[in-house]
Amino acid sequence: MTTKASLTDMEALAQQLGLAFSAKIDDAGVDLALLERLPLQFARANHVLPLEERDGKLLVATGDPANLAILDELRGLFGLPVEIVLVPSPAVLEAINHLYSRVTDTAHEVVQELEGEDLSTIATELIEPRDLLDLTDEAPVIRLLNSILFQAVKERASDIHIEPYEREVEVRFRVDGILYKILSPPKVVQEAIISRVKIMAGLNIAERRLPQDGRIRVIVAGRDVDIRVSLIPTFYGERVVLRLLDKKKGLISLEDMGLSVSGVKAMERLLGRSNGIILVTGPTGSGKSTTLYAALNRLNSPDKNIITIEDPIEYQLKGVGQIQVNPKIDLTFANGLRSILRQDPDIIMVGEIRDAVTAEIAIQASLTGHLVLSTLHTNDSSTAVTRLIDMGIEPFLVASSLSAILAQRLVRVICPHCREEYTADREYPGITLPPVLYRGAGCDACFGLGTMGRTGIYELLLVDPEICSMIIKQTPAGVIKEYAVSKGMKTLREDGLRKVAAGITTIEEVLRVTQEDYADLQL
């Protein structure tokens, strides 16, 4: 990381040498045609980047103006005198990784090269991961898979689906929660691609009848990406889903999740308790695990013993004991949770409550002086109570252990580069729209989608004495929700509409992710 002091020193050096100085490189000022003439390996090894040709000279960004031998090589390669722009080396390297990604073959281009190639040879897995940008001279099928992985990271995909059908193979990316078809490689390469995935994930190539799971670690344009691999057998061949986890993004804070100011304060009060259960609910892919990690990150300190049991472990947290569920050796959530209680924990995180046994142990842990964080698959906050009772948990145990239930969904964020105002041309029953709405027109920055990233909408139900009484009486979830709303709870939709008014997301997006809670609304 370049500090302010080092930037000041470098700027002073540039003035002393009579050179131009810049703290970072503007993409718009780089001629990509020049990059095609300079090998990536050379640029990366020497931290040099040609910017543009100006007044018969080649402008080159570098952090080392004293490396005259490299500058001479550039002068000979391009046939132009070189003019230096002094830029911190980390900024040069970041620009190299980012800009060279634009001139790398796309998956579509590699598919076109597969015509007539021998697809029988698959390279063995590398012991140490290499950057996919460097792997430009591998066999076509390997380059195809590398290009798919590279393009997925570049386009912010969370998942890659490789789906075999009778006459074709489809590759789809999930971007901001929505699946998009990307390309259709020839059917003949299906087995070769799947075999390559298996090799990279350390799976059994010969096994095609049973599901398999594994992990791959790759480096894409300098970014360390962890990939969870899932294969299942289907009628037309094995179907592959790759879940991408960009380690560079790291953990987010409670403030960055999209919680309101009052919501953050309420969560901080809850996390300050020494016991009780805090449940995060929502469907698969609604960001529940991210919320738990944000909470653990806030709680993590040397004076607390925090232990988790997860499936899978998505982030490694320094100072936290993390256990990976492994059903093959009978290490289930329930069995792992029993062992955790013998480790003198202060805070326990259970990745998911899936059955009555796990729920009972979690409740007993909360009643014996432990703060327990976990997730549950329900549509909203109040139905979590019904779900626990349906599992067979006694209502009085649910009432005495639950501290709060946070229901959540993820909505796509309007791209800030192409956001535009518009006036609604239709009405929505029961909803008062703000006078001005926003949407994304679609641009190069968001790949024409009009959205860039996602944020959460939330519904925080705080369990007070009145709700405890309702739980013991097994009051319907709808009545519990009505009471919570009367006490000031904002529903998922209300929180979403707040973000619509703020220009963060669209009304269609909020209605899309909350319509299951409002079956009477016609979209």
**Q.** side chain to side chain contact (heavy atoms under 4.5 Å, CB included) partners for Leu179, two or more places apart
**A.** His161, Arg172, Arg174
Shortest non-hydrogen separation from [X] to [Y] and the atoms involved:
| X | Y | result |
| --- | --- | --- |
| Val280 | Lys288 | O-CD, 3.6 Å |
| Gly440 | Ile414 | N-CG2, 3.7 Å |
| Val372 | Ala365 | CG2-CB, 4.1 Å |
| Leu410 | Val513 | O-CG1, 3.5 Å |

Q | pair Ile340-Ile323: side-chain heavy atoms closer than 4.5 Å | A | yes
Q. Got Gln324 and Pro312 here, is their nearest side-chain heavy-atom distance under 4.5 Å?
A. yes
Q | Atom pair CD1 (Ile480) and OG1 (Thr383), whose distance is rounded to the nearest 0.5 Å | A | 10.0 Å
Check ion pair [X]-[Y] (N to O, under 4.0 angstrom):
| X | Y | answer |
| --- | --- | --- |
| Lys198 | Glu238 | yes |
| Arg298 | Glu255 | yes |
| Asp159 | Arg243 | yes |
| Glu509 | Arg512 | yes |
| Arg387 | Asp390 | no |
| Arg228 | Glu314 | yes |

(Q) Give me each pair satisfying side-chain hydrogen bond (donor to acceptor under 3.5 Å, both in side chains) with a member in residues 464-480, each pair once, sequence neighbours excluded. (A) Asp464-Tyr483
Tell me whether [X] contacts the main-chain N or O of [Y] through its side chain, where contact means a donor paired with an acceptor under 3.5 Å.
| X | Y | answer |
| --- | --- | --- |
| Asn305 | Ile347 | no |
| Asp495 | Tyr458 | yes |
| Gln408 | Ser286 | yes |
| Arg412 | Thr455 | no |
| Gln190 | Val169 | no |
| Gln212 | Glu207 | yes |

Q: Kindly write out the residues that satisfy ring pair (Phe, Tyr, Trp, His ring centres under 6.0 Å) with Tyr293, not counting sequence neighbours, or none if the list is empty.
A: Tyr315
